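The next block holds one structure in the form of structure tokens; read it before the comments.
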Amino acid sequence: MPEASHASYRQALEFAERQVAALVANHPDFFPMYTVGGKWHHGGESWTDWTGGFLVGMMWAFDDGSGNPEWRARAEHYCRLLELRQVDRNVHDLGFLFLNSYWPWYQRTGDEAAKAVLIQAGRTLSKRFIETGKYLCSFVGLDSLFVDIMMNVPLLLVAADLAGDESLRNVALAHCRTTRDRLVRADGSTAHEGLFNLLTGEFLRQSTHQGLSAESTWARGLAWSMYGFTQVYELTGMDEFLKVAQRNAEYWLAHLPEDKVPYWDFNADLSQPPPWGAMKDSSAGAIAASALLDLARQAESPDNSVVYHNAALATLDALLDPKYLAVDTPGWEGVLKHGVYHTKRDLGVDESVIWGDFFFVEALTKVI
Ligand code: GLY
């Protein structure tokens, strides 16, 4: 697939900026999760409250790229709306919330108050660590490990550095090794969830909430793993984690469909209709594209680096098509169509999802 021109990437980013500006104007102080019929949905079920950082993350990205000073003021304002979440013990998602909001704020300014929030958020996340099984437990229960948590672990590493607290780093590394050993399979595919005996720490079985089955590979889960291990390698330089990310990438690249945008689960029966069969998840494509661009910089061999980079561009180029990019869909409020949040719960199915928009924007900023 040919690489789209930089002008196309720039135009897509400008479209995303217009959509987010309209979102902020039409839904002030609101953190959207998914659309319904293309309109950002208020109220209703969210399953868990994990997505606030993505809107702020896009504001920081536009602050970097657009030269419009309003984005910085908006980003700081929306950061403050998230500040209380630094002590939220109910979710495992503090990395999603704070790495895309307070971390960019701190990186720009070195602000001590932002630093304190990041350290507190890291400490709060670390309280989910289960000593027996050596993992950070998911929000559904103490016996449950989610592959998604790999995206939150970098917050522990950031907080460990900022606070000079080695115990946070040790929790992060232990969690990564348990995820590698229990959720990442030999072929690089991933399970969504692992269940443990809480008393002994014994691993019981793989399971899922958002994928097709315990044995299947939920596309977004694999993308989370690939990105999470890539980030952990970036922050630690530890080769054992680069190897996991590369194993994930191998599976990802070998199983992508022709148009390079994944179906929601790699084991979905494509002869069946959506939502259980042939349904895309553009958000998984956007996450993976952004991860592969980073992995391309880190890869052990120049050949792998080229493969990862080209694969990322092929997916990004596919997402530029108006089939996915809402540029030709009047009234659609999101950026990318054909994302999915939770198939079984019928939440955000074949809609825009805010993390799809965020990772698409992030990937674009890496290539323009
Ligand atoms: N809860 C993370 C996800 O839906 O991917």
Side-chain angles (χ1 to χ4, degrees), residues 6-33 40 50-86 93-118 121 151 154-155 158-159 162 227 231 234-235 283 286-287 289-291 293-294 297 312 316 319-320 325-327 333-336 352-368:
H6 273 223
S8 310
Y9 296 140
R10 169 66 60 196
Q11 281 160 14
L13 199 56
E14 286 167 1
F15 169 67
E17 187 181 348
R18 289 196 298 278
Q19 293 294 85
V20 176
L23 190 172
V24 172
N26 296 332
H27 308 267
D29 289 359
F30 175 62
F31 290 102
M33 190 174 272
W40 291 116
W50 63 287
T51 58
F54 300 123
L55 179 59
V56 193
M58 285 192 280
M59 292 173 178
W60 287 123
F62 301 141
D63 176 53
D64 277 341
S66 71
N68 175 354
E70 279 181 53
W71 284 117
R72 173 155 185 170
R74 285 177 184 144
E76 292 185 6
H77 172 73
Y78 277 75
C79 271
R80 289 195 181 92
L81 297 179
L82 290 177
E83 187 171 330
L84 273 177
R85 303 290 303 278
Q86 66 185 298
D93 302 299
L94 296 181
F96 283 130
L97 292 168
F98 288 96
L99 288 168
N100 301 314
S101 55
Y102 275 82
W103 179 227
W105 193 358
Y106 177 72
Q107 285 174 308
R108 279 163 176 74
T109 60
D111 183 80
E112 283 298 317
K115 177 178 169 180
V117 170
L118 287 162
M151 290 296 286
L155 175 64
V158 166
L162 293 178
Y227 202 148
Q231 280 197 318
E234 180 126 22
L235 290 165
S283 78
I287 296 159
S290 193
L293 288 168
D294 290 349
R297 281 190 289 105
L316 265 188
L319 294 176
L320 292 183
L325 192 65
V327 70
E333 292 187 328
V335 176
L336 281 186
S352 285
V353 290
I354 194 72
W355 56 92
D357 293 1
F358 167 77
F359 285 101
F360 179 63
V361 164
E362 183 185 74
L364 289 172
T365 63
K366 292 176 184 175
V367 294
I368 59 173

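Computed from a predicted model, the values in this text were never measured in an experiment.
Of the options Glu70, His77, Glu76, a side-chain hydrogen bond (donor to acceptor under 3.5 Å, both in side chains) to Arg74 is made by Glu70 and by none of the others. Of the residues Val335, Leu336, Leu364, the one that meets the side-chain contact (heavy atoms from CB on, under 4.5 Å) test with Leu319 is Leu336.
Aromatic pair Phe98/Tyr102: ring centres closer than 6.0 Å. Taking the ring centroids of Phe359 and Phe54, they lie under the 6.0 Å cut-off.
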>> Could you go through Tyr227 and Gln231, starting from their C-alpha distance and side-chain angles, then the distance that decides it, and tell me whether this counts as side-chain contact (heavy atoms from CB on, under 4.5 Å)?
In response: CA-CA 6 Å; Tyr227 202 148; Gln231 280 197 318; 3.5 Å; yes
> Can you check side-chain contact (heavy atoms from CB on, under 4.5 Å) on Phe358 and Leu55, steps first, answer last?
Replying inline: CA-CA 7 Å; Phe358 167 77; Leu55 179 59; over 6 Å; no
>> The test is side-chain contact (heavy atoms from CB on, under 4.5 Å); show your working for Leu81 and Phe31 and say whether it passes.
In response: CA-CA 10 Å; Leu81 297 179; Phe31 290 102; 3.8 Å; yes
>> Between Met58 and Ile354, is the side-chain contact (heavy atoms from CB on, under 4.5 Å) condition met? List the steps.
In response: CA-CA 10 Å; Met58 285 192 280; Ile354 194 72; 3.6 Å; yes
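Annotation for Trp40 and Glu333: closest pair N-OE1, 2.7 Å, computed over non-hydrogen atoms. Closest approach of Glu83 and Val117 over heavy atoms only: CG-CG2, 4.1 Å. Shown here for Ala312 and Ala289, the closest heavy-atom pair between the two residues is CB-O, 3.4 Å. For Pro154 against Leu99, the heavy-atom pair with the smallest separation is CB-CD1, 3.8 Å. Residues Gln86 and Leu94 approach most closely at O-CD1, 4.4 Å, considering heavy atoms. Considering all non-hydrogen atoms of both residues, Ala326 and Gly334 come closest at CB-O, 3.7 Å.
No side-chain donor-acceptor contact under 3.5 Å links Asp93 to the backbone of Phe96. No side-chain donor-acceptor contact under 3.5 Å links Lys366 to the backbone of Asp294. Formation of a donor-acceptor pair under 3.5 Å by the Arg108 side chain with backbone atoms of Trp60 is found in this model.
Using a 4.5 Å heavy-atom threshold, the side chains of Trp103 and Gln107 count as touching. When side chains are defined from C-beta on, Gln19 does not count as touching Asp357, because their heavy atoms never get closer than 4.5 Å. Contact annotation: the side chain of Leu316 approaches that of Val367 to within less than 4.5 Å [non-hydrogen atoms, C-beta and beyond]. Using a 4.5 Å heavy-atom threshold, the side chains of Tyr78 and Ser101 count as separate.
Rounded to the nearest 0.5 Å, atoms OG1 (Thr51) and CG (Leu97) are 8.0 Å apart. Residue Phe15 holds its CZ atom at 5.0 Å from CG of Leu325, rounded to the nearest 0.5 Å. Once rounded to the nearest 0.5 Å, the distance linking CD of Glu362 with OG1 of Thr365 reads 6.0 Å. The distance from the CG atom of Leu162 to the CG atom of Leu155 is 9.0 Å, given to the nearest 0.5 Å. Here the CZ-OG1 distance, from Arg72 to Thr109, works out to 6.5 Å after rounding to the nearest 0.5 Å.
For Arg85, the salt bridge (Lys or Arg N to Asp or Glu O under 4.0 Å) criterion is met by Asp49, Asp88, not counting sequence neighbours.
Salt bridge status for Glu14 with Arg18: absent, with no side-chain N to carboxylate O gap under 4.0 Å.
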